[in-house]
Amino acid sequence: MLGNFGYCNPTRLYFGDNSLKYLNRELKKYGPNILLAYGGGSIKKNGIYDEVMQILEMNDKKVFEVAGVMSNPTVHKLYEGCEVAKNNDIDLILAVGGGSVCDYAKAVSVSAFCDDDPWEKYYVRQERLSNPVIPVGCILTMVGTGSEMNGGSVITHPEQKLKIGHVFGDEVMPRFSILNPTYTLTIPQYQMVAGFFDIMSHICEQYFSGEDDNTTDYISEGLMKSLIHSTRIAAKDPQDYEARSNIMWTATWALNTLLSRGKTTDWEVHMIGQAVGAVTNATHGMTLAAVSLPYYRAIMKDGLAKFRRFAVNVWDVDPAGKSDEEIAKAGLAALEDWMKEIGVVMNLTDLGVTEEMFDDIADGTFLLGGGYRKLTRDEVIAILKESM
Ligand code: NZQ
Ligand code: ZN
């Protein structure tokens, strides 16, 4: 049965190869002081920085920059952004980059006027938002996280070996996001395919939970089929605009609150992947790729009906003459083949994980109950071993 729910997504999107011009329209809604957040320099190399600065200047904005937002943004970088935001009466935080920069912008948005330590309050204790926020807008350059249309913000505390996300509500979701697929054509292959797997994982995390036959699961299956089709093309020809633009759109819908409506969700792959990220600083999508198959094979029998459905509806496995378990296994084998075809990392060893790290990773793994079985710490260790 589809559960009861409310639905509102306040993020206004501008999609397409001419979408940056709509930044003019959006900037008119905000005061003069802009905090421009970006990463390690890709936007300077590919010219996006210059294009954005020109529009900001034309609109008489005063720009304060926070550069060098790293992948897996740290709490220390967050504190730096809070100082800039607090001291300059910022009217809009404009994130230009991938999920890390968008997540960072949301973190600064909620933290700048937080009286407590924002890491402790919002990430460790997961308290509800209780202070004013600064509006956020995004210009997306890397595809995968869905951060452009959700309230998620993931921050890493390297010393505490914790990487934690907080899903904030409407007031923190980007007021607007500009999605220009041509901006994504310069992403290195490794990052691109990591993003592809991140999208698949977001859909799977929401699909592999509950046995109910509901509309949301059919939407998930459609998105997965589109993703598989377009990523096969893009992995071979990254400059294929049609494939890359479809993938960009799929990524947004994979994690913009739609697929969790009216049903339970899992997210255990992300919990293990984030714990791996906290210890290794590895690329997010690759951490998920390395642990997914061992996790799904461990819980397959607990959610057999859904794994069977995944095989038949998503991977076109022919069920004739096979037991449900054989069909479900064939679906996971098809997932594995696709992962190898697009070229994601298939094990934790390639991400620098050693057995000595297992305890820290298991300690940093939150055990959720939304999937087919709540794991024990020993099962997490077993999945890590299997993922090596
Ligand atoms: O820093 P620069 O120089 O910009 O380089 C980046 C970075 O090295 C590069 N890049 C981005 N756009 C590019 C480009 N290089 C060339 N051309 C372009 N157009 O790509 C690298 C990766 O960027 P990053 O933003 O780190 O990647 P991603 O978008 O995968 O974001 C990962 C972060 O998002 C979090 C992850 O945990 C991780 O911290 N997530 C956020 C979620 C959310 N808000 O809902 C959900 C996800 O599950 C995820 O946890
Ligand atoms: Zn993810």
Side-chain angles (χ1 to χ4, degrees), residues 11 37-49 51 66-75 77-78 95-107 109 123 136 138-158 162-168 172-174 177 179-206 238 244 248 251-252 254-257 259-260 265-278 280-289 291-292:
T11 304
Y38 58 96
S42 70
I43 66 162
K44 290 205 166 164
K45 281 195 207 114
N46 56 24
I48 299 171
Y49 174 86
E51 282 185 67
V66 176
V69 177
M70 62 291 280
S71 287
N72 308 323
T74 66
V75 68
K77 191 72 186 173
L78 169 60
V96 187
S100 294
V101 180
C102 298
D103 279 19
Y104 177 78
K106 291 177 228 172
S109 161
Y123 295 88
V136 169
C138 300
I139 299 171
L140 194 67
T141 67
M142 154 82 199
V143 169
T145 65
S147 188
E148 66 275 15
M149 204 183 184
N150 70 39
S153 169
V154 185
I155 293 295
T156 298
H157 197 306
L162 287 173
K163 179 176 179 182
I164 307 178
H166 187 122
V167 182
F168 295 97
V172 184
M173 289 164 77
S177 281
L179 277 59
N180 182 340
T182 61
Y183 289 171
T184 70
L185 299 178
T186 53
I187 298 168
Q189 183 94 9
Y190 185 90
Q191 296 292 342
M192 178 187 77
V193 298
F196 293 172
F197 192 80
D198 195 20
I199 304 166
M200 177 60 94
S201 181
H202 294 159
I203 305 172
C204 288
E205 297 274 30
Q206 298 168 95
R244 296 297 292 277
M248 190 174 211
T252 302
L255 193 52
N256 71 355
T257 72
L259 301 186
S260 58
T265 56
D266 183 359
W267 294 107
E268 199 56 51
V269 168
H270 270 67
M271 294 303 105
I272 303 173
Q274 283 177 199
V276 170
T280 61
N281 198 28
T283 298
H284 171 66
M286 295 308 191
T287 64
L288 309 173
V291 302
S292 282

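Just follow the structure's listing: the first ligand is 1, and inside any ligand the first atom is 1.
- Contact shell of ligand 1 (protein heavy atoms, cutoff 4.0 Å): G39, G40, G41, S42, N46, S71, N72, P73, G98, G99, S100, D103, T141, M142, T145, S147, N150, G152, V154, K163, Y183, T186, I187, P188, Q191, D198, H202, L255, H270, Q274, H284.
- No donor-acceptor pair under 3.5 Å is formed between the side chain of S292 and the backbone N or O of A289.
- N256 has its side chain out of reach of T11: every pair of non-hydrogen atoms, C-beta onward, lies at least 4.5 Å apart.
- Put simply, SG on C138 and NZ on K106 are 6.5 Å apart, with the number rounded to the nearest 0.5 Å.
- In this structure, CD on E205 lies 9.5 Å from CG on D198, to the nearest 0.5 angstrom.
- Listed by chain and residue number, the protein N/O/S atoms under 2.8 Å of the Zn ion (ligand 2) are D198 OD1, H202 NE2, H270 NE2, H284 NE2, with waters left out.
- By the 4.5 Å heavy-atom criterion applied to side chains, R244 and M192 are counted as neighbours.
- For the atom pair K163 NZ and T280 OG1, the distance stands at 8.5 Å (nearest 0.5 Å).
- Proximity of a side-chain donor or acceptor of Q274 to a complementary backbone N or O of T287 within less than 3.5 Å is not detected.
- Note on ring orientation: taking the six-membered ring where Trp is involved, the planes of W267 and H202 are tilted (angle from 30° to 60°).
- A distance of 4.5 Å separates CG in L179 from OG1 in T252, rounded to the nearest 0.5 Å.
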